[in-house]
Structures are given as structure tokens and as C-alpha cells.
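Reading through the C-alpha cells given below for one structure.
The structure presented is a predicted model; accordingly, all values stated were derived computationally and were not measured. Every chain is numbered from 1 and lettered A, B, ... according to where its sequence line falls, protein lines coming before strand lines.
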2 protein chains.
Amino acid sequence: MPYPTRTTPAAILESALQLLESGGADGLTMRSLAEALGIKAPSLYRHYADRATLEAALVAHGAVQLQTMLKEIAEGTPAARLRQAAERYREFAHAHPALYALMMQPQPMTGAPKALWNTVLKLSSAVTKRDDDTAAAVALWAFLHGFVSLERQGAFGASGPQAGFATGLTALMVGFGKSS
Amino acid sequence: MPYPTRTTPAAILESALQLLESGGADGLTMRSLAEALGIKAPSLYRHYADRATLEAALVAHGAVQLQTMLKEIAEGTPAARLRQAAERYREFAHAHPALYALMMQPQPMTGAPKALWNTVLKLSSAVTKRDDDTAAAVALWAFLHGFVSLERQGAFGASGPQAGFATGLTALMVGFGKSS
DNA sequence: GTCTATATGCGGATAGAC
DNA sequence: GTCTATCCGCATATAGAC
């Protein structure tokens, strides 16, 4: 056994996620990933056909993780649940900024991402009391994504007005009801 | 005069913007820009110290352009003006996606970007009838930025629910008034 | 499944001549 | 201000041996 197996699929994903978190989007390369695993770059191509395939696996993993966070929230009124989900969405984006950015890149909305969208749709539709209220879900998602993106980029300054998060979220939920 | 001047500062900016629009963020390199101008890459360093300096000039140019669009809107109620400004923001982002993305990257909020922010702050504060209502302005900006970003990335699908734009904008404005 | 060696391409940036 | 020549580093990916 001159070249024994030194990696597992799980270890590859784990290392890749770690590189994303520590070094950002540019921190993850086939070379750096291989080095983190203690192997050489070409060996990775036995596990993933190319870089795009690896990224797709990371995106799917992230979508499942986020969806799980959004589903496992405490019981309560629809508004309270939506508020809690919004907070968790924000937490996830800031806890894994590079992974989140990867997830928000153009992707086919199938598999895990699709399930994630359905979760958001259900949570917001419960607030507006209209089944499949895609317009409300889209508006909410846009606000969440925009806020965490601007926040991550430091657009609000170091001690920025994070009060805007509560303000916007409340305004959206109130407005959904009043503007029907 | 063996090597006469073949470029002007204005021509460099114009070519750079054109490359951004046609080829996206990756379409603009010192090499490609030089070629578009009919000169060689090293010559560019006589005009801009490095790539970062060039990008800063592009960001400033874009901020001025966007701010001008937002300021020159028709008279009317504060709500109508804000709605119109929001539409123009969206138009700008879609007309110059790569430039917009560049502008939204971490930047010092000084000079042109700062003036742009002040314009948004005035427009939204007029609606909420509170001076310097940064929370409302932040919420609005987050929604706008999130929507155009998701839209640009095709997250809503080809024939996506763009109704979410009107829905979210209306809900925010209504909610701002009701949730004070 | 891993290795070494290599092909190929891209990018930013500098030195020194004219 | 522009040029040629060049350095340097980074990346994805493949070929073929073990």
C-alpha cells in the first residue's frame, strides 16, 4: 500500500468550510485545500471533478444548515417566529460570510436551496395570512440579504445603525398587513 | 516625439467603464484596459499608481452618477419622490451591474459615496417626517440593495416575482408610519 | 488514492530604453 | 508618456507512474 487513503469525503468538506471561514473566498483553492488535508492538489480531482463541483457541494451543505436553523425555532405567533427566523438568518450570514456569499451566487434553485426558499415562504406567508405569498417572501428576503450584505461590508460603519434591522423588519411586517 | 500622448484621463475612465459593462468585473484588467486604449499595460501606471487607485476613481464616478440620478427627480409628495428614487436606484444597478458591485464593496464612506448616502437619507426622512432618520434610511437601503442583488443573480428566476419590489417598498413606507 | 512533473493561462507590477 | 522585456505569483487542470 504505497499510497493509502488519507482523506474522507467528510474531511474534505470540513476543511473546505474551515478555509472559507478563515481566509474568505480567496482562501479556498484546490492547492490550499489539499495542503490542509495533507495531500497534493491533483489528488483532489479523484473526489471532485473540478472546482465548480466542490463549490456546489459546499453550497448544498450551507443551505441545509441554514434551513435547519430556520425550521427549529420556538413555537409562537407567526410574527414572533418570523422575527426569530430573521435573526437566525442574520446570524448565519455573519458566522459564515464567505459560505453565505458563495450561496448567494447564481445557482440553480433546486435541491437544498429550493427547500430553503420554501421554508422562508412558509414563515412569511403565515404572517401575511395568504398562502404562497411570494411577493412578501421576496421582499423579506431582499431586506434580509441586503442588510447582512451591507453590514458585512462595513457599509454602516463600525458602530453602525443596526437599529435599522429591527426598524425595517417591523415596518415590513406591519406594512404587509396594512397595504393589502 | 517618439512616444506621443495617446490617452487622456477621461478616455481611460470611459474605457474602463465600458469594459466593466461588457465583460463584468473580470473583464477589467490592466492589460485589457490598455489594449482598449491602444497602448501597453505598463503605460497605465503613469496614470494610476495601481489597480486599487483606478477602481477608487471608478467608484467615485459611479457614486456621482447615481447621486445625480437620485437628486433630479420630479416634484411631488415625499412618498412619490422616494418611490421614484427607488426605481432609479434599481435602474442604475441593472444598467451598470459590475460598476454597482464595485461600489458596494468595502469602501471608505467619504467623498462621493458619503454625498450619495446623504441624498438617500434626505429622501427617506421626508417620508417618515423625522430628521436624520438613519434607521429608516438603512432599512430602505438594505431592501433596495438586497433586491437588486438577488434580481441580478437570477435568484428569482427568469420570470421572477418582481412584484416583490412594489410590495416591499410600499410595505416599508406604510410600516414606517404605523410603527413609530 | 496518491504522487511528481508539467501544461497552460491569467493577473499585477517593475526596470530601463526612447 | 510610451515602449519592450521580464519577473513574479497565483490559479485550474492533466498525464502517467506507483
(request) Kindly determine whether B:R31 and B:E35 satisfy side-chain contact (heavy atoms from CB on, under 4.5 Å), including the steps that lead there. (result) CA-CA 6 Å; B:R31 281 168 154 78; B:E35 190 183 9; over 6 Å; no
(request) Any chance you could measure A:H145, atom NE2, to A:L140, atom CG, to the nearest 0.5 Å? (result) 13.0 Å
(request) Name the residue closer to the 5' end of DNA chain D, choosing between A:A49 and A:T29 according to the nucleotide with the nearest heavy atom. (result) A:T29
(request) Report the distance from atom CG of A:D26 to atom P of C:dG12, rounded to the nearest whole Å. (result) 13 Å
(message) Could you go through A:Q67 and A:V120, starting from their C-alpha distance and side-chain angles, then the distance that decides it, and tell me whether this counts as side-chain contact (heavy atoms from CB on, under 4.5 Å)?
(response) CA-CA 9 Å; A:Q67 195 207 353; A:V120 172; over 6 Å; no
(request) Identify the heavy atoms of B:D50 and B:Y45 that sit nearest to each other, and give their distance. (result) CA-CE2, 4.2 Å
(request) Could you tell me the separation between the CD atom of B:E35 and the P atom of C:dG11, rounded to a whole number of Å? (result) 11 Å
(message) Looking at B:R31, I'd like to know whether one of its side-chain N or O atoms comes within less than 4.0 Å of OP1 or OP2 on C:dG11.
(response) no
(message) From CZ of B:R51 over to C1' of C:dC10, roughly how many Å is that when rounded to an integer?
(response) 12 Å
(request) Using distance alone, with no hydrogens and no angle criterion, decide if B:T170 and B:R83 have a side-chain donor and acceptor under 3.5 Å apart. (result) yes
(request) Let me know the distance between OH of B:Y48 and C1' of C:dA13, rounded to the nearest Å. (result) 18 Å
(request) Could you tell me the separation between the CE atom of A:M30 and the P atom of D:dA11, rounded to a whole number of Å? (result) 12 Å
Dump every N/O contact between nucleotides 2-4 of chain C and the protein below 3.5 Å, one line per pair.
from  : atom 1 : to    : atom 2 : distance (Å)
C:dT2 : OP1    : A:R6  : N      : 3.0
C:dT2 : OP1    : A:T7  : N      : 3.3
C:dT2 : OP1    : A:T7  : OG1    : 2.9
C:dT2 : OP2    : A:H47 : NE2    : 2.8
C:dC3 : OP2    : A:K40 : N      : 2.5
C:dC3 : OP2    : A:S43 : OG     : 3.1

(message) Please report the distance, rounded to the nearest Å, between CD in B:E55 and C1' in C:dA13.
(response) 15 Å
(message) Once you measure the plane-to-plane angle for A:F156 and A:F147, does it fall in the parallel (<30°), tilted (30-60°) or perpendicular (>60°) bin?
(response) tilted
(request) Check the distance between D:dA11's P and A:L19's CG and give it to me in whole angstrom. (result) 11 Å
(message) Just the rounded figure in Å: distance from C1' of D:dA11 to CG of A:D50.
(response) 14 Å
